[in-house]
Amino acid sequence: MKNTAITFKDAKKTGQKLSMLTAYDYSTAKLMDQSGIHGILVGDSLGMVMLGYEDTLAVTMEDMLHHTKAVARGAKNCLIVADMPFMSYHTSIEQAVFNAGRLIKEGGAQAVKLEGGATFCKEIKAITRSSIPVMAHLGLTPQSIHAFGGFKVQGKSQEAAQALLDDAKAVEAAGAFALVLECVPEKLAQKISETLSIPTIGIGAGAGCDGQILVYQDMIGMYSDFTPKFVKQYTNVGIQMKQAFASYIQEIQSGAFPQKEHTFCIDDSIIDKLY
Ligand code: KIV
């Protein structure tokens, strides 16, 4: 059965934990979908893990559309959420609705995600009014990296914790169907999860959230530039890939590859007649 924003909200009611991963391409999305993942986020983290930027700020709408289309071709059962990149919803409500619409119409996503709390409620309302489900994102919101002064845990002081809870209530009231909580102390994330009727999806926010999300390269050991504390590595394909690449190089040198079974045949008589 196809997962939707509604099945996400229903999961909160029944207490079923939600699983999400990021994906950015057809083959990976297809594997995740076949594994039974509830949702895929085409995150603007693609700027870092796919394109090699230091942060997510340079990611464009065209980048997001390109990768969302690939994911949509691969994943048929899970909910596909596309990130709204930096400056695609910041300058006007019209621009926010227009760009959210592009991710659905052209990209093939079924929902969009945007970073920010009360300040962006007008945009959340306008997008949901256009029948586009919105996933909100609070805590460490990477598009605000310069304002935060680095990748830091958020909501640790009394004031910051209250502001986070207030923002969470505000995005729910504005119509968000789910909320990503990134790098938030576990007890605060639990309090927010208990307070809201929409599901919280945690990343570095502990087990009290209604679901979890990880960047897939982090959890399979494929991105070695930086591994956050909250990542659990389920395998290390980085090591396996390097071993495979090295064997390939070595076998080309030694002549062990390619062999007969990797090649195509032609009648000798044809070759003989060539001049
Ligand atoms: O861009 C992204 O991958 C995200 C997740 C870390 C939640 O926003």
Side-chain angles (χ1 to χ4, degrees), residues 8 18-25 28-29 32 37-61 63-68 70-71 75 78-89 99-100 103 107 109 111-117 120 124 133-145 148 150-155 164 167-168 171 176-184 189 192-193 198-206 209-220 222-223 225-233:
F8 265 50
L18 291 162
S19 56
M20 288 191 76
L21 283 168
T22 63
Y24 319 95
D25 68 276
T28 313
M32 286 175 188
I37 199 87
H38 293 113
I40 287 179
L41 170 68
V42 188
D44 60 356
S45 50
L46 72 85
M48 298 169 80
V49 295
M50 298 296 288
L51 305 179
Y53 298 132
E54 276 182 11
D55 53 46
T56 60
L57 302 181
V59 175
T60 64
M61 272 300 293
D63 292 332
M64 290 310 306
L65 284 166
H66 181 70
H67 289 273
T68 304
V71 167
C78 66
L79 172 70
I80 302 172
V81 184
D83 245 344
M84 298 199 67
F86 184 52
M87 284 298 141
S88 69
Y89 55 99
N99 283 324
L103 291 166
V112 298
K113 176 168 83 56
L114 58 83
E115 297 181 8
F120 284 100
I124 296 175
V134 177
M135 180 175 271
H137 183 163
L138 294 172
L140 171 54
T141 44
Q143 292 174 11
S144 306
I145 183 81
F148 290 152
F151 291 102
K152 294 176 188 160
V153 178
Q154 300 295 308
L164 242 167
D167 271 339
V171 295
F177 77 94
L179 167 64
V180 168
L181 290 173
E182 179 165 354
C183 279
V184 172
I192 293 172
S193 304
I198 57 171
T200 57
I201 311 293
I203 173 161
C209 293
D210 303 302
Q212 299 292 326
I213 183 165
L214 284 174
V215 170
Y216 95 87
Q217 283 91 341
D218 287 341
M219 59 87 77
I220 64 170
M222 223 178 131
Y223 179 75
D225 291 10
F226 168 69
T227 307
K229 171 186 156 76
F230 56 75
V231 169
K232 177 171 176 184
Q233 227 174 59

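We count residues from 1, following the sequence as given. In each ligand, atom 1 is the first atom listed, and ligand 1 is the first ligand listed.
- Every atom of ligand 1 is numbered from 1 in the order shown, and the set under 4.0 Å from a heavy atom of Ile203 is 6 (C).
- The distance from atom OG1 of Thr60 to atom CZ of Phe86, rounded to the nearest 0.5 Å, is 13.5 Å.
- Residue Leu41 approaches ligand 1 through these ligand atoms, each under 4.0 Å from one of its heavy atoms: 2 (C), 3 (O), 4 (C), 5 (C), 7 (C), 8 (O).
- The distance from ligand 1 to the heavy atoms of Gly43 drops below 4.0 Å at these ligand atoms: 1 (O), 2 (C), 3 (O).
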- side-chain hydrogen bond (donor to acceptor under 3.5 Å, both in side chains) assessment of Gln143 paired with Asp44: CA-CA 9 Å; Gln143 292 174 11; Asp44 60 356; 2.7 Å; yes

- Stepwise, does the side-chain contact (heavy atoms from CB on, under 4.5 Å) test hold for Met64 with Val42? CA-CA 7 Å; Met64 290 310 306; Val42 188; 4.0 Å; yes

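- Atoms CD1 and CG, on Ile213 and Leu41 in that order, are 4.5 Å from each other to the nearest 0.5 Å.
- Short contacts between ligand 1 and Glu182, defined as distances under 4.0 Å to a heavy atom of the residue, involve ligand atoms 6 (C).
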- Message: Evaluate Cys183 against Gln154 for side-chain contact (heavy atoms from CB on, under 4.5 Å), listing each step before the verdict.
- Response: CA-CA 6 Å; Cys183 279; Gln154 300 295 308; 5.6 Å; no

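- For ligand 1, the atoms closer than 4.0 angstrom to any heavy atom of Asp83 are 1 (O), 2 (C), 8 (O).
- For ligand 1 and Ser45, the ligand atoms under 4.0 Å from any heavy atom of the residue are 1 (O), 2 (C), 3 (O).
- In summary, the side chains of Tyr24 and Ser45 do present a donor paired with an acceptor at a separation below 3.5 Å, with no hydrogens or angles considered.
- The part of Thr22 lying near ligand 1 is the side chain, judged by heavy-atom distances below 4.0 Å.
- Where the criterion is an N or O separation shorter than 3.5 Å, residue side chain and backbone included, Asp44 meets it with respect to ligand 1.
- To the nearest 0.5 Å, atom CD of residue Gln217 and atom OG1 of residue Thr227 are 11.5 Å apart.
- In terms of protein heavy-atom proximity, atom 8 (O) of ligand 1 is nearest to Lys113 NZ, 2.9 Å.
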